[in-house]
Structures are given as C-alpha cells and as structure tokens.
Number of protein chains: 2
Amino acid sequence: MSGPARLKRTVRLRQTMPNSVGRHMARRVTLKDVARESGMSESAVSQVLNNRPCRLSEDSKQRIRECAQRMNYRANRAARGLATKRSETVGLIVPDIENPFFSSLAKSLEARCRQAGLALFVANSDDRIEHDCEQLQRMDALGVDGIFFVPSNEIIADDESSIMDVLNGVSVPFVMVDRIIDDAVCDKVFVDNEYGAHQAVEYLISRGHTRIGCLANTRNSQNGRLRLAGYRNALVDHGLDFDDSLVAEGDYHGASGYGAVDALLSAGVTAIFSTSDLMTIGVMRRLSELSLRVPDDISLVSFDRNETSAFFLPDITSVHQDVAELSSRAFDLLSARIGGDASDPVLQVVEPTLVMGTSVSEPRDQDVR
Amino acid sequence: MSGPARLKRTVRLRQTMPNSVGRHMARRVTLKDVARESGMSESAVSQVLNNRPCRLSEDSKQRIRECAQRMNYRANRAARGLATKRSETVGLIVPDIENPFFSSLAKSLEARCRQAGLALFVANSDDRIEHDCEQLQRMDALGVDGIFFVPSNEIIADDESSIMDVLNGVSVPFVMVDRIIDDAVCDKVFVDNEYGAHQAVEYLISRGHTRIGCLANTRNSQNGRLRLAGYRNALVDHGLDFDDSLVAEGDYHGASGYGAVDALLSAGVTAIFSTSDLMTIGVMRRLSELSLRVPDDISLVSFDRNETSAFFLPDITSVHQDVAELSSRAFDLLSARIGGDASDPVLQVVEPTLVMGTSVSEPRDQDVR
DNA sequence: TTGAAAGCGCTAACAG
DNA sequence: CTGTTAGCGCTTTCAA
C-alpha cells in the first residue's frame with residue numbers, strides 16, 4: 001500500500017528565518033548586561049527584579065525594569081540556586097510512567113506543585129534499583145528542593161541496604177509515596193492495599209461467593225503481597241479456607257491476566273479478584289473468548305480504575321485508590337519539610353474505597369463440592 | 001464496611017534512627033572539603049575526580065579518590081553546570097502525561113537518553129500554552145542541554161505569536177515532536193497523520209465499505225484535522241463522496257466516542273474510523289450496549305494501540321505510530337544540535353503503519369441507498 | 001539611595 | 001607534578 005520510498009522520508013528545507021544557519025541562539029543576557037545597559041549596579045538590578053524591599057528611587061526602578069524587559073532578561077536559575085540554595089523545583093521518581101496509576105499521580109502532583117509555584121520534574125526509573133539511586137543523586141546534585149520518591153519493586157524485593165546509603169546521602173527532603181521501604185527514615189504516604197483487598201473480597205463473600213480466585217503479583221510487588229494478604233484475611237475472617245489453588249501469580253500486565261484465567265476456572269472459582277487493572281483487561285479478554293459473561297457466568301472485582309477501564313462494559317466493581325488524596329498528602333508533607341519542619345517522620349495511610357459497578361452477582365449454581 | 005475512624009489515619013511513630021529529629025540531613029560535602037581533607041588543591045581534586053588528563057602522581061590521585069569516596073563526595077551539578085555550560089540533562093515537555101501515547105514517548109526517550117548518559121526530566125503542560133512557555137523558560141534557565149517539545153494544541157489552535165517570542169528566547173536547542181508549530185525554526189519530527197488515516201480508510205474501502213463514519217478531534221487538534229483530511233482524501237481518491245453527516249466530533253476521551261456512536265449509526269455507516277484509542281474504547285462500549293458486534297455488525301478501525309487496547313477483543317485493526325522510531329529520530333536530532341551541529345533545520349516524517357486485527361469485515365448487506 | 005565585595009561550588013587556563 | 005587565579009551568573013551584606 002506504500003512503497004518503501006515513503007519510509008524514512010526526510011525533508012531538508014529552508015525555513016522562514018532568512019539565511020539562518022541552524023536556529024539562531026542568542027547568548028543569554030545576564031544580570032551584568034542589564035546592569036551595564038541601565039547604568040546601575042548588579043546588586044541594584046537583582047534587588048529590583050526580585051521585588052526585594054530596597055530603597056531605590058522609583059526612577060531607577062523603572063529604568064531597570066524597562067531595560068530587563070526590553071533585553072528579554074531571564075535569570076539563570078542554576079546560578080540563583082547556587083546563591084540561594086533554593087530552586088523552586090521538585091522532583092518525582094516513578095518506576096513506570098506508562099502505568100496509568102503513576103502517570104495519574106504525576107499529573108496530580110504536578111498540578112499541586114504548580115499551584116505552589118514549584119515546577120515538578122518527573123523521572124522514570126524503569127523499576128530498577130540502580131536507576132533509583134542515579135536519579136536520586138542526580139536530582140539532589142542538581143539542586144531540587146525536595147523529592148517525591150516511589151521506589152522500585154526490585155529494591156523492596158532484593159536488598160534494601162544498597163539504597164539506604166544513597167538515601168542517607170541525599171541532602172534534600174524526600175517523601176516516599178505508594179511503595180514503602182521500611183527502614184528508610186522519612187515521611188511516607190501510601191494506600192492501605194491490604195484493606196482495599198479485604199473490602200473487595202468481603203464484598204464478594206457477602207454476595208454469596210465461597211470459591212474466589214485471586215490474581216496477584218506477589219513475586220516482585222510488596223503491594224501485591226499486601227493485596228493477597230487482604231484476600232486471605234477476608235476469607236479467614238469469614239470462616240472460609242485459604243486455598244492455594246485459587247491463587248494465580250501475575251505481573252501487572254495484560255498477558256499475565258489472560259494466562260491465569262484457565263487455571264482459575266478449572267479450580268472452580270465463581271468469582272475472580274484481579275489485583276490490577278491491566279491484568280483485569282487480560283482476564284476479560286480471555287473470559288470473552290471462552291464466551292463467559294460477566295457477571296452472569298462469573299463475577300469480577302478489580303483494583304484501580306483508569307480512564308480506559310472506566311469505559312469497560314460491564315462496569316467493573318473495583319477498589320479505587322484516591323490519587324488526588326495521595327498527592328495532596330505527599331505534597332503537604334514535602335512542602336512542610338522544605339519549609340524547615342524537622343519534626344519526627346510521619347506515616348500516612350490513605351484508605352481505598354470499593355466502587356460499585358455491575359460486575360458482581362450471586363454465584364450461578366451451588367458451589368460444586 | 002469501614003467506620004470513618006479508619007479514614008485519615010495518621011500514625012506518628014519513632015523510626016529506626018535513634019533520637020533523630022526529622023531526617024538527618026548532612027551538609028553537602030564540597031570539593032573544598034575534599035581538598036582540605038586530602039591536602040591537595042581544589043583544582044587537583046576536580047581534575048582527578050573528572051578523570052581529566054592530568055599529571056599527578058598516582059599516589060596523590062589515590063589519596064584524592066579515597067578521600068572523596070570516604071567522605072561520600074558528589075559534585076554539585078548546578079555549580080558544575082554554571083562553570084561548564086553543560087548539565088547532561090535534557091527536558092521533555094508533553095501536553096498530557098496521562099495520555100498513553102505521551103507516556104510511552106516519555107519512557108522511550110528516557111531510555112534513549114539514559115544510554116547516552118543524559119538524564120531526562122519530564123514536565124506536563126496540561127495542554128496549556130502558558131504552561132508551555134513557563135516550562136520552556138524554566139528548563140532553559142535551569143540549564144538543561146536541550147529540550148524535546150510537544151506543543152499544546154491550544155497553541156496551534158489559538159495564536160502562534162505569543163509562543164514564538166518565548167521560543168526565540170530559548171538559549172538551548174530544542175526539537176519539536178509529534179505536534180508542529182509551522183513558523184517555529186527548529187528541527188521537527190512527526191508522524192504523518194494524514195497518511196495514516198488515508199491507509200485506514202483505504203483499507204475499509206478495499207473491503208467494500210462505502211458508508212464509513214469518521215470520529216475525529218478537529219476542534220482543537222491539528223493532528224485530528226490531518227486525520228480527517230486523510231479520511232476525506234481516501235474517499236475522494238476512490239470516487240466516494242465526502243458526507244458531513246458521517247463525521248462526528250470528538251475530544252480524544254472515552255466519553256466523546258461513546259456519545260458519537262448513535263448519530264453515526266443512524267447516518268447508516270457500516271464502518272467507523274475512530275481516530276484515537278481512547279475514543280475507540282467509548283465507541284466499543286456503546287456498540288456493546290446496543291448489542292452490535294464487531295466486526296459482524298459493524299467494522300471498526302482505530303488509531304494508536306496502547307497496552308490496554310491491545311487486549312481488546314476483537315483485536316482492533318489500527319494505525320500504529322512507531323513511538324520508538326519517533327523518539328530515536330528526535331533524540332538523534334537533539335543530540336546533534338547539542339553537539340554543535342548548526343546546519344539548517346530539518347523536518348522528519350515517520351510513517352505510521354496499519355496493523356491488522358480482526359475488527360473489519362465486509363459490510364453485512366448491500367449499502368442502503 | 002546606591003554600589004563594592006564576597007561568596008555559592010565548580011572548572012580551566014596558566015604559572016610555577 | 002601541583003597550586004593559583006579568575007571566572008560562571010546570581011544574591012546579599014555592609015559600607016558609603
């Protein structure tokens with residue numbers, strides 16, 4: 001349909017700017033330039049442009065401002081930061097920016113920071129411990145005022161020791177969000193994953209299910225283990241046995257959800273608790289291939305709810321993590337620390353809620369055994 | 001199910017570190033400290049730690065390295081940047097980090113940058129022109145080495161003039177990605193949206209469809225308009241009439257897809273070309289509610305393909321934008337500019353491909369009219 | 001009212 | 001082989 005000629009098409013064209021070679025990049029105008037141009041001293045210019053309480057004649061002030069404007073002066077923030085030890089910039093490190101939960105967190109934090117006049121820079125660690133360390137040090141060395149940090153799962157799984165050194169070496173405040181390294185001494189805010197799962201499963205039980213499958217990422221996710229724990233505890237709390245064969249291992253991606261369905265079905269489940277949205281998508285696809293309908297043939301509860309999954313049919317009943325609340329708490333905490341608060345580290349828990357959809361009904365026939 | 005007591009639970013606890021007040025934040029150790037400690041000059045330390053070709057005795061070198069290590073010295077990058085005019089950091093500005101296309105772009109660029117020893121910081125503009133300007137200036141002032149810039153739609157829609165000033169004032173190279181401001185003088189790399197849409201519609205036509213609906217965001221998306229143009233041109237190229245009533249307006253979100261379906265159906269379409277994944281989700285939901293099956297009752301082609309939509313049933317035939325290719329080109333371009341390349345600005349086009357799924361079949365009965 | 005001077009932490013050119 | 005010096009661009013104290 002397209003010849004290979006269409007591929008790798010590169011157009012080299014002369015743009016609007018007359019005989020420009022590359023883009024014209026003016027040397028940055030500095031404070032000194034403005035000082036010279038306005039006939040004032042550098043310090044005077046600095047004062048005025050930063051609205052410092054200073055006693056210069058209105059005349060001089062005007063002249064300075066006018067000059068700066070005309071010359072299109074903008075302060076070099078790196079230099080300013082060097083002098084003031086403040087950059088009005090904070091960082092966020094996430095394991096996977098493609099994960100809707102984290103991109104939503106990023107957006108939410110960004111909005112909050114902007115309100116406060118801070119810029120937020122997001123870095124992706126790819127869920128790799130060494131990248132966490134790199135980014136942490138880099139942001140610190142670059143002079144951000146504080147850091148929101150969502151650690152890699154690998155860290156929590158492997159060894160906490162290597163990162164502790166890095167963490168201790170960071171010279172700005174940071175708060176740990178969503179995923180927690182127990183030994184770290186810092187503010188932490190996270191969602192009560194265990195409780196969320198507990199609610200979900202308790203609900204299924206209340207609708208009459210007794211053989212409930214659970215799909216969880218326990219291998220490399222602390223939160224995944226907590227969700228499984230919530231599942232287990234809910235069963236136990238209601239006098240049901242925990243049965244290994246009803247638990248499937250997933251990895252937070254669609255394929256693992258897809259692949260887990262058959263085993264769960266043959267174990268005779270009447271409901272599935274899938275502990276992440278992405279996996280739920282895979283589950284639904286497989287169910288659909290098998291011509292099983294939700295909730296008529298099988299009930300389904302999920303975790304999270306992104307823009308995409310919100311449009312599924314049927315509406316999936318799912319555990320909702322309040323990202324806005326999470327961001328807001330994290331922001332307040334970091335903000336206070338940046339402001340100099342030196343009180344003891346704090347642990348804050350955001351409670352998830354079960355959002356009702358239409359993906360759950362009573363089990364079809366009496367349970368087999 | 002949970003008393004309000006569980007909400008807003010805040011635990012204030014003493015952490016592992018014995019009588020710490022807040023987190024212990026050591027003063028950052030500086031080059032001077034290392035110099036003093038090792039009995040060498042600052043410049044010597046600097047040379048050694050940066051592996052500069054310098055002629056110091058192995059002995060001194062060792063001592064310096066050992067000292068730096070022991071004192072846990074890490075260079076202040078802001079200061080270094082001030083001195084060297086290089087930060088080894090580049091920025092990316094995207095309109096909406098929650099949009100899977102952009103988060104995927106971010107991740108891809110990040111990987112590419114990391115390979116090259118650059119850190120990538122991502123900023124979100126919320127598709128607001130003033131935020132674009134802010135972020136651009138801020139990154140510039142902070143001393144990044146270059147910027148990947150995906151402009152807000154608003155810019156392209158509203159007025160280009162206001163941002164041109166800002167763009168001209170930026171003192172580091174930048175490349176425009178995916179969305180293009182025509183007047184800007186800089187490297188640009190984008191996907192041929194018009195051609196992608198053309199392929200999609202041509203394919204539908206080849207399968208016998210003549211009444212094809214199009215769902216596009218033309219109001220505030222240049223790329224949306226291009227996709228519509230591709231649709232139109234494909235029709236015309238194949239001797240079909242362009243019919244206004246077969247075009248619905250969307251906004252890239254699920255709800256608009258959902259809402260557009262009924263009108264298209266009553267206009268008698270046998271196939272729908274939905275120009276974005278997110279909208280397609282809404283379309284599918286509505287079709288499903290109406291008990292219309294894809295592709296038996298209606299054919300569907302989409303644009304993009306993210307992790308979520310890849311798991312839909314049926315597989316949606318869709319126009320695929322090669323994010324890896326896009327990033328790679330953008331990176332090479334920026335990289336060259338950072339390296340000093342001053343040749344004329346370049347325009348690069350990445351061709352999208354139509355990925356075959358199973359969402360298209362021949363129209364059911366002969367077309368009505 | 002205003003400016004000079006010192007310094008933030010680092011690098012680089014040049015002189016011993 | 002090694003140290004001194006002079007900045008990078010900005011802020012801030014303090015003296016004039």
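Order of the sequence lines fixes the chain letters, A, B, ..., with proteins taken first and strands second; residue numbering starts at 1 for each chain.
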For R28(B) and S171(A), which heavy atoms make the closest approach, and how far apart are they? CD-OG, 2.8 Å

Using 4.0 Å as the upper bound for N to carboxylate O, is an ion pair formed by R27(B) and D33(B)? yes

Contacts satisfying ring pair (Phe, Tyr, Trp, His ring centres under 6.0 Å) that involve residues 38-78 of chain B (not counting sequence neighbours) are none

What nucleic acid atoms does S46(A) come within less than 4.0 Å of, heavy atoms only: base, sugar-phosphate, or nothing? base

Name the first nucleotide and the last nucleotide along DNA chain D (5' to 3') that come under 4.0 Å of a heavy atom in chain B. dC1(D) to dG9(D)

Taking 5' to 3' order, which nucleotide of DNA chain C is first and which is last to have an atom within less than 4.0 Å of a heavy atom in chain A? dT1(C) to dG9(C)

Once you apply a heavy-atom cut-off of 4.0 Å, does S43(A) come out as touching a base, just sugar-phosphate, or nothing? base

Please tell me whether S60(B) and S57(B) have a donor and an acceptor in their side chains that are separated by less than 3.5 angstrom. yes

Residue from R63(A), K32(A), R70(A) passing salt bridge (charged side-chain N to carboxylate O under 4.0 Å, His left out) with E37(A): R70(A)

Counting any heavy atom closer than 4.0 Å, what does R52(B) reach on the DNA or RNA strands: base, sugar-phosphate only, or nothing? sugar-phosphate

If you assign each of A44(A) and S41(B) to its closest nucleotide in DNA chain D, which residue comes earlier from the 5' end? S41(B)

Nearest heavy-atom approach of V172(B) to G146(B) is CG2-CA, 4.2 Å

Charged N to carboxylate O under 4.0 angstrom, R337(B) versus D332(B)? no

Given E110(B), which of K107(B), R114(B), R112(B) fulfils the side chain to side chain donor-acceptor pair (under 3.5 Å) condition? R114(B)

